[in-house]
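Naming: A, B, ... by sequence-line order, numbering from 1 per chain. Bear in mind the structure is a predicted one, so any value in this text is a computation, not a measurement.
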There are 2 protein chains.
Amino acid sequence: MALISPQPIKLSALKTACKNCKLHDLCLPLGLDTLDIDRLDEIIKRRKPLQKGEYLFRSGEVFTALYAVRSGSIKTYSENEQGDEQINGLYLPGELLGLDAIHDEVHPCSAIALETTSLCEIPFIALEDLSQHIPGLHHQLFRIMSKEIASDQTLLMLMAQKNAEERLAAFLVNLSSRLKQRNFSDIEFFLSLSRKDIGNYLGLTIETISRTFSHFQSKGLLETDRKYVKILDLHKLKSIAGLASDCSQDEQCPSKTAS
Amino acid sequence: MALISPQPIKLSALKTACKNCKLHDLCLPLGLDTLDIDRLDEIIKRRKPLQKGEYLFRSGEVFTALYAVRSGSIKTYSENEQGDEQINGLYLPGELLGLDAIHDEVHPCSAIALETTSLCEIPFIALEDLSQHIPGLHHQLFRIMSKEIASDQTLLMLMAQKNAEERLAAFLVNLSSRLKQRNFSDIEFFLSLSRKDIGNYLGLTIETISRTFSHFQSKGLLETDRKYVKILDLHKLKSIAGLASDCSQDEQCPSKTAS
DNA sequence: CGCTCACTTGAAGCAAATCAATTAGTGTGG
DNA sequence: CCACACTAATTGATTTGCTTCAAGTGAGCG
């Protein structure tokens, strides 16, 4: 996800250890003590950044490592026999990719950089081995996988029961809240996905996405200029998304802060 | 899933250990040696069977354990703020439920028995602890979670890109192959889900499911009588589902057996 | 028997897909 | 610098697959 005033990538950052990483409490080291983080650090490889359009891995390749996004963003998509693509994940800094490949040791999807993206590579055998000795790491891995399962199920609900407006609103609200967690603006950002990709992700066509954006804009909910989005009424968007009363990720909500 | 000539549940079966369980190689013990299976056995609790319509857990309840289906079947569904339900899982014997609750220790969905169902309860803290000491168990847990992620993504693709016929065909083919793995007939079975539930699961209405079944029947692909289904042309169904060339789960496929 | 419930079938309506035309940005080469 | 091709996005017109509404069937049950 390209962001408002993105920080240039410094070469020194490539050597940054987990313990100094700003994404520390979103990523794998969450809940580990300093010593254990050092041990985790030892198995993690920093890679040279991927350029936009470069593949991290392709569907069918043998699985050897998980990857954590450090900066930039990655989309994953799978292809069926007929050749149509389905985007099934958008990964932001601090998020872990490749979890769907563990069970048969082959990547079921391809991963491609949406912009210049730097990553940490975490060899899975070493990680499994290490997590045998660090209960906190072990638990955090389960948590991350569990979260992915739960969020896929939310997306499923979206697809099964929501109309175009509700889907796009939910997508934007979800993105907004994830950006906020990463200390980026939650109301102003650049989409790294094209309209076509958003449509694919949400099970809609590009025309429908475009029309729905226009509609939101005419209702004064947001402003767009190509990939730039400025949310003017986040609360209303949440309510369209069907998340009006769910403030679990939003400490602004009066009813929650009161309780 | 009610099955052709289902085996009556014997009381003695409740005491059966993992090592004698027919589901052994589909479930958690897969890949463990006899000794380790015994250790797993010690933490697992056999529960008295649930009757049809009884809840295993409800959305919002605190998560304490995973559950493995021994016989019968369970559906899980979540509810959004508007109160509409979304079925997000159908669990057959040997399959593990509750994985989506690990990350925030609360069940995001409810689980209800579709028929008389017996289960193993696996306290999660004990399981985590045990898997620290048994690498194979640890790995198997990752595999199971990874598989759930991958299968949710397949379902997502279904929802995003497939029409009613393709979705129902994919559902039936998937069910058929899972039943086969469990040594049940893959062409003749009873659906434990109602038409309404199938529709909900696939993001369609009951009327569309009914019409699509009728359509399949008139094309000679299958016969139905209420919940009973007999598949007459599994190959054609697979091709409708978009899985014609994918024989990964079907050892009948000549091109695969040849290789 | 009459009631309910699960399902089926038909007809009408609608949201989103498809088809189509236009605009605007991006890159290429003369 | 402009002409040209190419791609991404917007907007309008038309079509369509599924939903919604409606009516009816048949099994199961007190």
Side-chain angles (χ1 to χ4, degrees), chain A residues 2 51-53 75 82 84-87 112 114-115 158-172 190-219 221-230 240 242, chain B residues 2 52-53 75 82 84-87 112 114-115 157-172 190-219 221-230 240 242:
Chain A
Q51 295 306 309
K52 178 175 178 171
K75 75 171 179 186
Q82 288 77 51
D84 13 80
E85 291 179 3
Q86 172 64 36
I87 295 174
I112 191 168
L114 292 166
E115 58 199 302
L158 211 67
M159 297 283 214
Q161 318 197 318
K162 305 288 191 176
N163 65 23
E165 286 204 3
E166 293 165 337
R167 291 187 208 186
L168 184 58
F171 170 75
L172 292 171
F190 283 90
L191 297 168
S192 55
L193 290 175
S194 66
R195 301 282 191 275
K196 193 176 166 191
D197 280 347
I198 296 172
N200 180 301
Y201 185 58
L202 299 175
L204 299 166
T205 59
I206 179 175
E207 292 96 330
T208 301
I209 297 298
S210 184
R211 275 185 254 270
T212 308
F213 264 123
S214 301
H215 191 199
F216 283 164
Q217 198 149 4
S218 72
K219 288 207 287 181
L221 300 179
L222 49 76
E223 282 171 15
T224 60
D225 177 23
R226 326 196 116 264
K227 303 217 158 187
Y228 169 78
V229 175
K230 180 171 186 173
I240 291 173
Chain B
K52 178 174 177 169
K75 74 170 180 187
Q82 288 76 49
D84 16 76
E85 291 180 3
Q86 173 62 39
I87 294 175
I112 191 169
L114 292 165
E115 58 199 300
M157 158 93 85
L158 211 67
M159 297 284 216
Q161 317 198 319
K162 305 288 192 174
N163 65 22
E165 286 203 3
E166 293 164 338
R167 292 187 207 186
L168 184 58
F171 170 75
L172 292 171
F190 282 91
L191 297 168
S192 55
L193 291 175
S194 66
R195 301 282 191 275
K196 193 176 166 189
D197 281 346
I198 296 172
N200 180 300
Y201 185 58
L202 298 175
L204 299 166
T205 58
I206 179 175
E207 293 96 330
T208 300
I209 297 298
S210 183
R211 274 186 257 270
T212 308
F213 264 124
S214 300
H215 191 200
F216 283 164
Q217 199 149 5
S218 73
K219 288 207 285 181
L221 299 179
L222 48 74
E223 282 171 13
T224 59
D225 178 21
R226 326 192 119 267
K227 302 217 158 187
Y228 169 79
V229 174
K230 181 172 185 173
I240 291 173

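In this structure, B/D84 atom CG and D/dT20 atom C1' are separated by 16 Å, rounded to whole Å. B/F190 places its CZ atom 18 Å from the P atom of C/dA6, with the value rounded to the nearest Å. Put simply, CG on B/L193 is 15 Å from C1' on C/dC7, counting in whole angstrom units. The nearest whole Å value for the distance from the NE2 atom in B/H215 to the P atom in C/dT9 is 12 Å. A straight line from CZ of A/F216 to P of D/dT10 spans 13 Å, rounded to a whole angstrom. When the C1' atom of C/dA15 is taken as reference, atom CE of A/M159 falls 17 Å away, rounded to whole Å. One can place CZ of A/F213 at 8 Å from P of D/dT10, the figure rounded to the nearest angstrom. Separating the CD1 atom of B/I209 from the C1' atom of C/dT9 is a distance of 15 Å, rounded to the nearest angstrom.
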How would nucleotides 21-30 of chain D be written as a contact map, 5' to 3', with B for base contact, S for sugar-phosphate-only contact and - for no contact, using protein heavy atoms under 4.0 Å? B-----S---
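Qualifying side-chain hydrogen bond (donor to acceptor under 3.5 Å, both in side chains) partners for B/E85, counting only residues two or more places apart in sequence or in other chains: none. The side-chain hydrogen bond (donor to acceptor under 3.5 Å, both in side chains) test applied to B/T224 returns B/Q217, not counting sequence neighbours. A/F216 pairs by the ring-ring contact (aromatic ring centres under 6.0 Å, His included) definition with nothing, not counting sequence neighbours. Every residue was checked against the side-chain hydrogen bond (donor to acceptor under 3.5 Å, both in side chains) condition with B/S214, not counting sequence neighbours, and none meets it. With sequence neighbours left out, the salt bridge (Lys or Arg N to Asp or Glu O under 4.0 Å) criterion links B/K219 to B/E165. A search for side-chain hydrogen bond (donor to acceptor under 3.5 Å, both in side chains) contacts involving A/E223 returns nothing, not counting sequence neighbours. Not a single salt bridge (Lys or Arg N to Asp or Glu O under 4.0 Å) links B/E166 to another residue, sequence neighbours left out. The salt bridge (Lys or Arg N to Asp or Glu O under 4.0 Å) search around A/K162 returns none, not counting sequence neighbours.
Partner B/I87 forms a side chain to side chain contact (heavy atoms under 4.5 Å, CB included) with one of B/L202, B/D197, B/I198 and no other, that one being B/D197.
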Contact list (N/O, under 3.5 angstrom) for nucleotides 15-18 of chain D vs protein:
residue, atom, partner, partner atom, Å
D/dC18, OP1, B/A164, N, 2.7

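Under a cut-off of 6.0 angstrom, the local environment of NZ in B/K227 is crowded, with over 12 non-hydrogen atoms contributed by other residues, nucleotides or ligands. Other residues, nucleotides and ligands contribute at most 12 non-hydrogen atoms within 6.0 Å of the NZ atom of B/K52.
Counting heavy atoms from C-beta outward, A/L172 and A/F213 have side chains that approach closer than 4.5 Å.
Within the 3.5 Å criterion, the main-chain N or O of A/E207 finds no donor-acceptor partner in the side chain of A/R195.
Near DNA chain D, defined here as any heavy-atom distance below 4.0 Å, there are no residues from residues 194-202 of chain B.
Between the axis at the start and the axis at the end of the helix from C/dC1-D/dG30 to C/dG30-D/dC1 there is an angle of 30°, using five pairs per end and rounding to 10 degrees.
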